[in-house]
Amino acid sequence: MHLLAAGLRLPTNALDYTILILYFAVVLGVGFAARRSVKTSLDFFLSGRSLPAWVTGLAFVAANLGALEILGMAANGAQYGVYTVHWYWVGAIPAMVFLGLVMMPFYYGSKVRSVPEFLLHRYGPSSHLLSSIIFSVASVLIAGVNLYAMAIVVEALLGWPQWVAIVVAGLFVLAYITLGGLSSAIYNEVLQFFVILAALIPLTVVGLRRVGGFGGLKDSLEASHGPNFTSAWGGTGIGSDNPLGANWLTIVLGLGFCLSFGYWTTNFAEVQRALSAKNLSAAQRTPLIAAFPKMFIPLIVVVPGLIALVIAPKIGSTKSGLQYNDAIPLLMSELLPNGVLGVAVTGLLAAFMAGMAANVSSFNTVFTNDIWRAYVRKGRADEYYLLTGRVVTAIGVLAGMGTAFIASSFSNIMNYLQTLFSFFNVPLFCVFIIGMFWRRATAPAGFWGLLSGTVAAMINYFWFYKQGVISIPSDQGANFVSAIVAFVVGGVVMVAITPFTKPKPEQALAGLVYGTTAPGLAEPAAPGDEAWYRRPALLGWSAIVLAALCYIPFSL
């Protein structure tokens, strides 16, 4: 992503800076308050498995509401139009419901502290170590994306040098996670969720008034970009040409299945929030509760991108000096008065810090428990691993500061993130889902399936796509294809190796394979506890139906 246009410098005043300082003070205050509850490593890494579902549910959606959504999705809205809603209603909601209804009983019931630890029980040490290393690397890279995106926004809007913005934000995240562990991150994410809404809702409302409401917005976009630009599925037939560079099949398989399920069901930055819930029912409801606000996020993220395109029709062209990534800052500079401007800037910083905190807190858990505790320093006292977790948090933040500059080599943070997900999350999901439904799948098959899927995705992207061996219209289309390749190759390798290798004993698969139950997994229902919001199945299917209904206005 290129630097935001210098002309977008905001006229911030003392009121805006006061709001910003108050927010940072509250963030640190939450960290100090949460510190009192951190007495063991379980408290630090998983909040002692004690948080209610509404807290973990809001943290679940807030952890994803970082650079990817605020800048990336608004930029995609300006560049691709209404096609961007696929990242929500095809590329998120079904996978979140699947996680809650199907996969959380396996995660929570096995009492694992991380996704890689589940693979340790299912496949053995080789897959466990490989997945731990892959996830640790990916977490640091993605944390860097949030830091870099935040730094260039702050540089453009407030005038801070980029390296200063990276260091300041990184140190604040380091402070409140080191003090309070996951509890601090989660409670700050709940706070950040409402701050982000307070920033983006006024921006959307004022923007819609400027362009004549939804009707005026649609008329303007159709006049300049054609009717398909305001349709979710128009022009996605196989062989048809559209700005996204993908047809309905690659959207459904690449985004809706491989990338979506790979991210939402195996990305520990998200799953960790559900694992911190107080019981299995709350853990299952965490992603389902998150699904309801998630399906309305396009209204305050994608729609501003469309509004920016109407206000600045030349955005994205070399002549205008504005990148698509400038959509949100452009609206802020054009539409918001002081005071509200301070809330908006605070909301952007909150979004980036939430995204980084999610990845850093998951990184310290995986590195400490799945690499350091499992293979480097075994059998130490719990206090040792609690201290290690705090030290690793500092290392993760510093490493994120370094990888922030790696992200600067990519012209679009959305492309960068989706590339990382196709490399790392999709192969992990492939191995996980096959092992969960196929009892015969073996440890060697899991290891080679994970490794081959990762390598195949990289070969497809860097050789077949980047070297022009095959023609794919866009980076996003290439990421969809890489995700499909990773899943197919990983699955084929697993199926090919399994018949020639020895499976685990049947009794060792209890609670790890669908159709088996771990001892103590089932929870008795509380007397009279039949409220609809406490029933995961009803909650999940309600989210699916509502998400499907959201498509109707954009498909006519």
Side-chain angles (χ1 to χ4, degrees), residues 103 106-107 110 112-141 257-259 261-263 265-269 271 362-363 365-376 378 419-462 482-514 516 518:
M103 297 184 72
F106 293 90
Y107 281 138
S110 58
V112 297
R113 298 189 181 207
S114 68
V115 173
E117 188 179 345
F118 185 91
L119 293 186
L120 171 65
H121 297 316
R122 178 62 184 88
Y123 291 110
S126 297
S127 296
H128 174 236
L129 181 59
L130 177 61
S131 64
S132 300
I133 293 172
I134 287 175
F135 182 81
S136 297
V137 171
S139 295
V140 170
L141 290 172
F257 179 67
C258 296
L259 279 171
F261 279 68
Y263 176 80
T265 66
T266 64
N267 181 21
F268 188 52
V271 175
S362 59
F363 166 76
T365 302
V366 169
F367 187 90
T368 302
N369 289 317
D370 295 292
I371 297 178
W372 198 259
R373 186 198 293 256
Y375 300 102
V376 181
K378 301 180 180 180
T419 300
L420 293 178
F421 296 154
S422 67
F423 291 172
F424 302 129
N425 291 98
V426 175
L428 182 59
F429 171 66
C430 172
V431 170
F432 192 108
I433 202 71
I434 290 177
M436 195 174 80
F437 285 101
W438 190 25
R439 301 186 187 201
R440 182 67 176 81
T442 63
F447 174 81
W448 290 109
L450 181 60
L451 183 60
S452 63
T454 302
V455 172
M458 292 180 175
I459 290 174
N460 178 75
Y461 187 83
F462 290 115
S482 293
I484 296 172
V485 168
F487 189 89
V488 170
V489 170
V492 168
V493 168
M494 287 191 68
V495 171
I497 291 177
T498 290
F500 303 99
T501 50
K502 184 178 179 181
K504 295 186 71 170
E506 189 76 16
Q507 62 270 22
L509 299 177
L512 302 174
V513 178
Y514 199 77
T516 66

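The first residue of the sequence shown is numbered 1, and numbering continues consecutively from there. Values below: every heavy atom of this structure, side chains too, minus hydrogens, waters and symmetry copies.
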For residues Ile371 and Ser136, determine if any side-chain heavy atom of one lies less than 4.5 Å from a side-chain heavy atom of the other. yes
For Ala457 and Phe423, work out which heavy atoms get closest and say how close. O-CE2, 3.5 Å
Quick one: does Thr266's side chain get under 4.5 Å of Phe135's, heavy atoms only? no
Backbone of Thr265 reached by a side-chain donor or acceptor of Tyr107 within 3.5 Å: yes
Backbone N/O of Thr498 and side chain of Thr501: donor-acceptor pair under 3.5 Å: yes
From Thr442 OG1 over to Trp448 CH2, what is the distance, rounded to the nearest 0.5 angstrom? 12.5 Å
To check you understand the geometry: which heavy-atom pair defines the closest contact between Asn425 and Gly262, and what is its length? CB-O, 3.4 Å
Just by modelled atom types, is the Gly435 backbone N or O under 3.5 Å from a matching donor or acceptor in the Arg122 side chain? yes
Has Lys504 got a side-chain atom pairing as donor or acceptor with Gly124's backbone, closer than 3.5 angstrom? no
If every non-hydrogen atom of Arg440 is compared with every non-hydrogen atom of Pro503, which pair is closest and at what distance? NH1-CD, 3.3 Å
Closest heavy-atom contact between His128 and Tyr375? ND1-OH, 2.7 Å
Within this structure, what is the CZ-OG1 distance for the pair Phe424 and Thr419, rounded to the nearest 0.5 Å? 10.5 Å
Least distance between heavy atoms, Gly449 atom then Val431 atom: C-CG2, 3.8 Å
Ser127 side chain to Phe447 backbone, donor-acceptor under 3.5 Å: yes
Under 30°, 30 to 60°, or over 60°: which ring-plane class applies to Phe421 and Tyr263, parallel, tilted or perpendicular? tilted
Check: Phe261 ring centre within less than 6.0 Å of Phe432 ring centre: no
Non-hydrogen atoms of Ser422 and Leu259 that approach each other most closely: N-CD2, 3.7 Å
